[in-house]
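Step one of this worksheet: look at the structure below.
Chain letters run A, B, ... following the sequence lines, proteins first, then strands; residues in each count from 1. Keep in mind it's a predicted model, so treat the numbers as computed, not measured.
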Protein chains: 2
Amino acid sequence: MLRIITQQSEAHTELQRIGGRTHGSETLQVEETVRDILQTVRQQGDRALLDYTAKFDGQTLTLSQLRVSGSELDAAYQQVSKDLLDAISLACRRVEAFHRQRVPKSWVQFQEDDVILGKRYTPVDRAGLYIPGGRAAYPSTVIMNAIPAKVAQVPRIVMVTPPSEGGKISPAVLVAAQEAGITEIYRVGGAQAIAALAYGTDTIPNVDVITGPGNIYVTLAKKMVYGLVGIDSLAGPSEVLIIADHQANPVHVAADLLAQAEHDPMAAAILITPDGGLAKRVQQEVQEQLQNHPRRILTEKAIAHYGLIIVVDSLNTAAELSNLFAPEHLELEIAQPWDLLEQIRHAGAIFLGNSTPEAVGDYLAGPNHTLPTSGSARYSSALGVETFLKHSSLIQYSPKALSEMGRAIQTLADAEGLHSHRESVRLRLEE
Amino acid sequence: MLRIITQQSEAHTELQRIGGRTHGSETLQVEETVRDILQTVRQQGDRALLDYTAKFDGQTLTLSQLRVSGSELDAAYQQVSKDLLDAISLACRRVEAFHRQRVPKSWVQFQEDDVILGKRYTPVDRAGLYIPGGRAAYPSTVIMNAIPAKVAQVPRIVMVTPPSEGGKISPAVLVAAQEAGITEIYRVGGAQAIAALAYGTDTIPNVDVITGPGNIYVTLAKKMVYGLVGIDSLAGPSEVLIIADHQANPVHVAADLLAQAEHDPMAAAILITPDGGLAKRVQQEVQEQLQNHPRRILTEKAIAHYGLIIVVDSLNTAAELSNLFAPEHLELEIAQPWDLLEQIRHAGAIFLGNSTPEAVGDYLAGPNHTLPTSGSARYSSALGVETFLKHSSLIQYSPKALSEMGRAIQTLADAEGLHSHRESVRLRLEE
């Protein structure tokens, strides 16, 4: 049963409990295991990948099966429906159109004081995308990771994903990869896949940046190799926070809450509303929709542990509580969603109005569905083209410009006790 | 003595050795120590900060001394020269002017298909800046961390820096902080300061993002709290790579190399040139300038271990080797620096021409001097306003837009086995 609470102080405590539900899950034991996997792959390369795949995925592969073959890629198209292919292709186009907007561009500025300044953007050389397997196949995850890398014009993009029964990779995933422009795909998952992307093996190239969601082993492995390579973020379980008022439809709100809860027993689904009546109706409706839910047990677990309805005195309070939680997904199913927007400080993605269920953004609205979780929307943003770009600052001084700034630079160098910093300027001005 | 090598294969090996010089420095023992400090500060708060300050900095403070007082801030102005104050203020203005350019702006787009999409940028609520103490005072580090946070309009910015003898903080640092607009300063350094910023204590607020360079303890602490808070990067020791040709002045090149080496015995200073004569003259000149260097021992150590001159067959080869190293700072002291730029793929900052010593960018050219080290320019960039900003994706669909996209979304939801994702759309379209 989805709990309803009305006390402000309890709301704070509960939001903190739910927001911090993954803290401490990085136990020393899991760390030990991941560290061991990283080291073994670093030392033994491909051999270790095959061993771990046998051990963790229960699939015995040969070295030549590690990379998905061209014929397997071709065959995937025969195994998906025309409808699914069309939907994947539509999603690719829409996600690409959004990601092509406002891509940072290199610039150079010639100043009057004989100084040239600028920024030069370049893509990383190689990107590695981690696509989870397991419970289900996620073609949308492929699209959301691959398209930004493509738009950034990364020269080499590789994908890794764990094999399922018979060493198979979901045809939907293989089709999504190809529609997004990726054909270099390796059959490996878990911390061992992250190790392969970070260190390289004979078969799998080491990359410059690793993106994509995974379980705690994958996430911890990403954290450990961060610094040697770049990463997108440390993804935790998914979450939605819905702010709804009297005019919201409880059937829709309930479906949206369950659409989050059905992801994972650790997923969080929270409704904040000033309407006590709506709260009750959503609570009932969630129960009803759970009856015939194909993932009932898992979804009920999430709802029971990390589901919550908070009844508040006003939409302003709702916004405040939402900022405290800093949700990955925020739905504003209220009469005037744009009015409340000004008060929202932290959220990965915001879905405005009654006709924008999160699923729209999960699949094809355009913005990325890889979003900051566990409160990290306080300081970070969606995966994007920027994840695969970096820039170099550009500076050119003329002799005249250096002479004009020379004294101040030498003063600062002296203050910091950096002799040669000063000399590098003084010697140039001497002549 | 600065070594000269001419073999391409040796150049590769050496650049990899130097680039990887800090790898493995995160020993398990250091990790253990840092983990322990984090946990103790989390549990004991201010008490632990005072204990660690006594232990590591040798300074006994009372609780009320933790925060730098208003009178101390005022007094700092009496303790710096007029020249230094002017130079600090000039640097603040120029760094701010550069950082105000191309700041990402929120945008909303009303599409023809009844869809509204956009991105809304907001600053983090609180930022924490770590400013190292120890060997020297670095007012420039204050400026380079504080100005981007100010430009991002972060509502609360706090600074931490370890106390030196008598609990003092360098007046230059205190003046730089105030000129940059920071007045909330705490007298604490090391991993304990990072812990305070991540978890909060009674005195020090927890923040959303922590920036600034530090030693291995500080860096490791940042890596460990990453995820709970955002961080700028994992800074390693500084490095410069200079590409110079026949027309470069060996005296200037030598000074620039030493200006890097004097930072740290782990600093790297590399020259790549097609001109064997220049190589020899720079080698000699480095020896000469070292004679009277006030930090001769430290600087010689860096030059001996991580200094290198590589003689190559062409500027193209020089660019290739530079990309392999992905230097923090790259100087192009060549006749046509803009021509070579196209071939440079990875560098934190690029200094073009003979009159742009790195010191220009270290202090006041405008671009940030907090740059990716240890090869991380392959995937990351300078500290910037973006470090303190994040965005929320904005999505609004009309009922008509949802109906047009409804089928594709449901198809994708089915392919992923996500029942309520489909229902959240189907139920809305039913009516």
Counting only heavy atoms closer than 4.5 Å, note whether [X] contacts chain B via side chain, backbone, both or neither.
X        : answer
A:Phe388 : neither
A:Ala401 : neither
A:Ser140 : both
A:Thr411 : both
A:Asp114 : neither
A:Arg422 : neither
A:Leu290 : neither
A:Val360 : both
A:Arg102 : side chain
A:Ile409 : both
A:Leu330 : neither
A:Asp414 : neither
A:Gln410 : neither

Quick check on [X] against chain A: is it the side chain, the backbone, both or neither that has a heavy atom closer than 4.5 Å?
X        : result
B:Ala176 : neither
B:Asp86  : neither
B:Val108 : side chain

Heavy-atom closest contact ([X] atom, [Y] atom, distance):
X        : Y        : value
B:Ala415 : A:Leu84  : CB-CD1, 3.6 Å
A:Thr356 : B:Tyr397 : OG1-N, 2.9 Å
B:Pro357 : A:Arg428 : CB-NH1, 3.3 Å
B:Leu427 : A:His252 : O-NE2, 3.7 Å
B:Ala365 : A:Leu117 : O-CD1, 3.5 Å
B:Arg295 : A:Leu418 : NH1-CD2, 3.8 Å

Checklist entry - Does the side-chain contact (heavy atoms from CB on, under 4.5 Å) test come out yes or no for A:Phe351 and B:Gln396, once each step is laid out? => result CA-CA 6 Å; A:Phe351 302 80; B:Gln396 179 162 25; over 6 Å; no

With chain A as the partner, which of [options] has the greatest number of non-hydrogen pairs under 4.5 Å?
options                                : result
B:Ile88, B:Leu394, B:Val425, B:Val253  : B:Leu394
B:Gly366, B:Gly417, B:Ala127, B:Gly227 : B:Gly227
B:Leu341, B:Val207, B:Thr387           : B:Leu341
B:Glu262, B:Arg126, B:His293, B:Arg120 : B:Glu262
B:Gln109, B:Glu358, B:Gln289           : B:Gln109

[X] side chain vs [Y] backbone, donor-acceptor pair below 3.5 Å:
X        : Y        : value
A:Ser392 : B:Ala347 : yes
A:Ser424 : B:Ala255 : no
B:Lys119 : A:Pro367 : no
B:Lys390 : A:Ala382 : no
B:Arg378 : A:Leu228 : yes

Item to check | Residues B:Arg35, A:Glu31; criterion salt bridge (Lys or Arg N to Asp or Glu O under 4.0 Å); working and verdict | outcome: CA-CA 13 Å; B:Arg35 199 189 308 276; A:Glu31 273 195 43; 3.4 Å; yes

Next on the checklist: List the residues meeting ring-ring contact (aromatic ring centres under 6.0 Å, His included) with A:His391, not counting sequence neighbours, and say none if there are none.
Outcome noted: A:Tyr121

Next on the checklist: According to ring-ring contact (aromatic ring centres under 6.0 Å, His included), who are the partners of A:Trp338, at least two apart in sequence or on a separate chain?
Outcome noted: none

Checklist entry - Between A:Gly353, A:Ala413, A:Ser376, A:Ala172, which has the largest tally of heavy atom pairs under 4.5 Å with chain B? => result A:Ala413

Next on the checklist: Go through it in stages, so that I can follow the logic: the residues are A:Tyr363 and B:Met405, the test is side-chain contact (heavy atoms from CB on, under 4.5 Å), and I'd like the CA-CA distance, side-chain angles, deciding distance and then a yes or no.
Outcome noted: CA-CA 10 Å; A:Tyr363 290 120; B:Met405 288 297 136; over 6 Å; no

